[in-house]
Amino acid sequence: MRRRIAFAGTVVVLSVAACSPADSPDAITLLVHDSFAEAVTDDTFAAFTDETGITVVVLAAGDAGAMVNQAILAKGNPFADVLFGIDDTFLSRALDEGIFQTYRSGESANVFPEFVDTRHRVTPIDYGDVCINYDKEWFESTKLALPDSLDELRANLYASHLTVQHPATSSPGLAFMLATIAEFGEDGWLRFWAGLRDGGVNVTADWTSAYYGNFTPHDGESSMVVSYATSPPAEVIFAAEPTDEPPTGVIEAGCYRQVEYAAVLAGTDHPEAAGQLIDFMLSVRFQETIPSNWFVYPVNRNAEVPAVFRAHSLTPASPARLSATYIADNRDRWIDEWIQVMEG
């Protein structure tokens with residue numbers, strides 16, 4: 001989906017196919033995925049424009065994969081100055097293509113060190129955890145204990161009440177598949193999925209249909225769904241009736257951490273301004289807007305997180321992560337193998 005916000009003050013959100021980057025050095029272009037663009041408002045980059053005199057033009061390029069493909073096709077002659085929203089699932093491909101130029105932000109010292117690219121090819125901006133969410137009321141009424149491990153999910157009692165997303169069409173679906181590979185390894189992850197299949201797991205194409213179509217708090221039939229650790233605070237924030245308690249909780253087993261990065265596109269005519277924008281996106285001022293707008297967390301350790309997130313979002317102690325290179329080398333094969341087990 002592409003959302004168009006026509007002339008929203010200092011920010012314009014356009015389709016990639018509909019425009020070219022601004023010619024004026026007073027404007028720079030930020031290439032993003034749709035999920036980021038949909039939350040852009042008049043205020044998102046207003047402070048940056050006030051401080052620098054530079055207008056930010058935001059280009060929405062589809063999902064993260066489509067965004068990276070667009071940037072690769074324009075390699076050496078980019079139609080944007082900065083790319084934001086690439087994560088580990090596509091990072092290695094972009095790095096191999098050489099579409100970024102190195103940039104070390106002055107704000108990097110304030111970033112959690114585990115997220116920093118020591119070669120400064122990309123700059124971390126936010127992170128979040130894909131986790132299984134559960135319906136509190138359903139588990140309380142059935143007296144069923146929450147699963148303590150991914151392995152327990154194979155039992156029919158759990159599997160038949162779980163909805164996951166297809167890893168070829170859904171970012172959280174792909175992240176959950178990666179979590180199972182991290183947990184069970186190459187020798188065991190497909191057996192895990194065969195167990196889920198035999199136990200009656202439900203599969204949807206995307207997060208929206210899984211969460212709002214299948215999840216019991218939204219009148220579905222699955223008491224568990226692959227979603228995000230920040231979904232419970234979102235339930236509080238967007239509740240039809242004011243509430244201090246979300247109807248959902250988070251299961252720590254099977255969480256997978258996603259980190260999103262920004263980078264200066266090689267060949268930009270405005271590398272200095274591009275660096276300034278990345279600095280701004282790492283500043284406490286911008287970082288503190290991230291949770292409420294995009295429901296992920298700031299990477300700047302000096303940025304405060306809203307109380308509703310601290311109260312209702314789980315921070316897993318040891319979320320799974322796989323290296324970008326390992327994912328790039330195996331992602332397509334893993335998805336094909338998943339399809340063969342689940343659909344073959």
Check step by step if side chain to side chain donor-acceptor pair (under 3.5 Å) holds for Asp135 and Ser223.
CA-CA 5 Å; Asp135 180 349; Ser223 58; over 6 Å; no
Any side-chain donor paired with an acceptor under 3.5 Å for [X] and [Y]?
{"X": "Ser170", "Y": "Asp206", "result": "no"}
{"X": "Thr315", "Y": "Tyr297", "result": "no"}
{"X": "Arg93", "Y": "Asn69", "result": "yes"}
{"X": "Thr89", "Y": "Asp87", "result": "yes"}

[X] side chain to [Y] main-chain N or O, any donor-acceptor pair under 3.5 Å?
{"X": "Arg197", "Y": "Val341", "result": "yes"}
{"X": "Gln165", "Y": "Val226", "result": "yes"}
{"X": "Asp81", "Y": "Thr268", "result": "no"}
{"X": "His33", "Y": "Phe36", "result": "yes"}
{"X": "Asn133", "Y": "Val250", "result": "no"}
{"X": "His312", "Y": "Asp244", "result": "yes"}
{"X": "Tyr103", "Y": "Gly275", "result": "yes"}
{"X": "Ser160", "Y": "Gly200", "result": "no"}

In terms of ring plane angle, is the pair [X] and [Y] parallel, tilted or perpendicular, where the classes change at 30° and 60°?
{"X": "Tyr211", "Y": "Trp207", "answer": "parallel"}
{"X": "Trp334", "Y": "Trp189", "answer": "perpendicular"}
{"X": "Phe280", "Y": "Phe286", "answer": "tilted"}

Heavy-atom nearest pair, Ala274 first then Val82, reads CB-CG2, 3.4 Å
Fill in: Pairing of Arg333 and Glu337 as salt bridge, 4.0 angstrom limit
yes
Check ion pair Glu235-Lys136 (N to O, under 4.0 angstrom): no
ask   = Do the non-hydrogen side-chain atoms of Phe79 and Thr29 ever get within less than 4.5 Å of each other?
value = no
**Message:** Are the side chains of Glu183 and Ser149 in contact, using a 4.5 Å heavy-atom criterion?
**Reply:** no
Step through it carefully: locate the ring centre of Phe295, locate the ring centre of Phe238, and say whether they are under 6.0 Å apart. yes
ask   = Would the Phe215 and Trp138 ring centres measure less than 6.0 Å apart?
value = no
Those residues at least two apart in sequence (or on a different chain) that pass side-chain contact (heavy atoms from CB on, under 4.5 Å) with Glu221 are none
Sorted by chain and residue number, the side-chain contact (heavy atoms from CB on, under 4.5 Å) partners of Thr52 (sequence neighbours excluded) come out as Phe48, Ile54, Gln276
Cationic tip of Arg154 above Phe184 ring, under 6.0 Å, 45° of axis:
yes
With a cut-off of under 6.0 Å to the ring centre and 45° to the axis, is Arg331 in cation-pi contact with Phe90?
-> yes
Would you say Glu272 has more than 12 foreign heavy atoms packed within less than 6.0 Å of its CD? no
